[in-house]
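These numbers come from the heavy atoms of this one structure, side chains and all, not from hydrogens, waters or symmetry mates.
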Amino acid sequence: LGYVVVGNDSRSHIYAKMKSKACEEIGIEQKAIVLPEDTTQAEVIHNVVQLNNDPSVSGILVQLPLPPTLSMQAVFDKIRADKDVDGVNAFNVGQLAIREREPQFVSCTANGCLYIIQRYWPSVIGKRVVV
């Protein structure tokens with residue numbers, strides 16, 4: 001697992017440490033890239049591309065939030081679809097939105113919501129919902 005953390009957000013660093021600990025506990029090798037707050041868009045993308053090209057990395061996460069000077073979607077869209085374990089690049093989001101298509105990965109949040117709906121309301125046909 002390769003993951004990128006950019007900036008000084010303490011919550012991001014705590015969450016990244018939790019991911020690191022979970023990886024260690026179950027034996028997943030990891031590559032952490034921790035970049036300073038003033039990292040440029042090009043530098044972040046360069047690091048994502050390096051993880052894409054690294055055969056020892058099978059999944060990539062970009063820890064949010066990114067500093068406000070960076071485009072989250074521009075970074076997400078540089079993650080290869082087959083390594084996008086959060087399901088956030090345009091391809092995986094698009095595949096998730098189109099019926100009868102399968103994304104490489106589904107976002108944990110979206111997957112959790114679908115699980116809850118299927119578990120507690122197995123039939124939503126005809127129901128009214130607010131999103």
Side-chain angles (χ1 to χ4, degrees):
L1 177 67
Y3 60 91
V4 180
V5 182
V6 186
N8 302 322
D9 187 281
S10 61
R11 295 164 299 171
S12 291
H13 289 277
I14 290 168
Y15 197 62
K17 275 187 180 178
M18 290 169 46
K19 289 177 187 177
S20 176
K21 183 179 178 188
C23 285
E24 288 172 10
E25 288 175 359
I26 60 174
I28 294 177
E29 292 182 31
Q30 56 191 302
K31 290 190 178 185
I33 299 174
V34 180
L35 301 168
E37 184 82 19
D38 62 351
T39 302
T40 67
Q41 185 83 34
E43 290 169 323
V44 175
I45 288 172
H46 172 77
N47 281 280
V48 168
V49 170
Q50 282 189 313
L51 292 171
N52 281 335
N53 295 331
D54 185 337
S56 72
V57 174
S58 58
I60 300 171
L61 300 166
V62 175
Q63 184 62 51
L64 297 179
L66 293 173
T69 57
L70 301 177
S71 166
M72 178 180 66
Q73 198 58 52
V75 174
F76 287 167
D77 288 345
K78 293 300 180 184
I79 302 171
R80 275 185 17 200
D82 63 325
K83 291 190 176 192
D84 176 24
V85 295
D86 268 342
V88 293
N89 76 7
F91 176 81
N92 283 326
V93 171
Q95 291 294 92
L96 183 63
I98 299 172
R99 215 180 274 226
E100 297 180 21
R101 299 266 177 104
E102 290 293 324
Q104 295 283 327
F105 293 95
V106 177
S107 148
C108 292
T109 302
N111 214 18
C113 291
L114 289 172
Y115 173 81
I116 290 169
I117 290 168
Q118 291 167 349
R119 172 83 166 92
Y120 294 100
W121 301 282
S123 177
V124 293
I125 296 171
K127 305 280 190 209
R128 293 177 185 235
V129 298
V130 176
V131 178

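Looking at L35 and E43, their side chains never come closer than 4.5 Å, going by heavy atoms from C-beta outward. By the 4.5 Å heavy-atom criterion applied to side chains, V62 and M72 are not counted as neighbours. Put simply, the side chain of N47 reaches to within 4.5 Å of the side chain of Q50, judged on heavy atoms. No side-chain heavy atom of D77 sits under 4.5 Å from any side-chain heavy atom of F91.
Residues passing the side-chain contact (heavy atoms from CB on, under 4.5 Å) test with Y15, sequence neighbours excluded: M18, K19, Q63. Every residue two or more places apart in sequence or in another chain that forms a side-chain contact (heavy atoms from CB on, under 4.5 Å) with E37 is listed here: N8, P67, P68.
Atom CG of D84 is separated from atom CG of L61 by 8.5 Å, given to the nearest 0.5 angstrom. Going from atom CG of D86 over to atom CG of L64 covers 8.0 Å, rounded to the nearest 0.5 Å. To the nearest 0.5 Å, the span separating CG on L51 from CZ on R80 amounts to 11.0 Å. If you take CZ on R119 and CD1 on I117, they are separated by 14.0 Å, rounding to the nearest 0.5 Å.
When all heavy atoms of N89 and I79 are compared, the closest pair comes out as ND2-O, 2.8 Å. V5 and A16 get closest at one heavy-atom pair: CG2-CB, 3.7 Å. Shortest non-hydrogen contact noted between S56 and K31 is OG-NZ, 3.3 Å. Heavy atoms only, all atoms of each residue included: T69 and Q41 are closest at O-OE1, 4.3 Å. The two atoms that bring P65 and D9 nearest to each other are CG-OD2, 3.7 Å, heavy atoms only.
Side-chain heavy atoms closer than 4.5 Å link hydrophobic residues (I, L, V, M, F, W, Y) into clusters, and following such links, possibly through other members, connects I60 to L70. The cluster map of Ile, Leu, Val, Met, Phe, Trp and Tyr, joined by side-chain heavy atoms under 4.5 Å apart, puts Y3 and V85 in the same cluster.
More than 12 heavy atoms of other residues, nucleotides or ligands shown are found within 6.0 angstrom of NZ on K83.
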**Message:** Using the rule given for side chain to side chain donor-acceptor pair (under 3.5 Å), can you reason through Q30 versus S20, listing the C-alpha separation, both sets of side-chain angles and the distance that settles it, and then say yes or no?
**Reply:** CA-CA 7 Å; Q30 56 191 302; S20 176; 3.1 Å; yes

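Clustering of Ile, Leu, Val, Met, Phe, Trp and Tyr side chains at separations under 4.5 Å leaves V93 isolated, with no partner residue.
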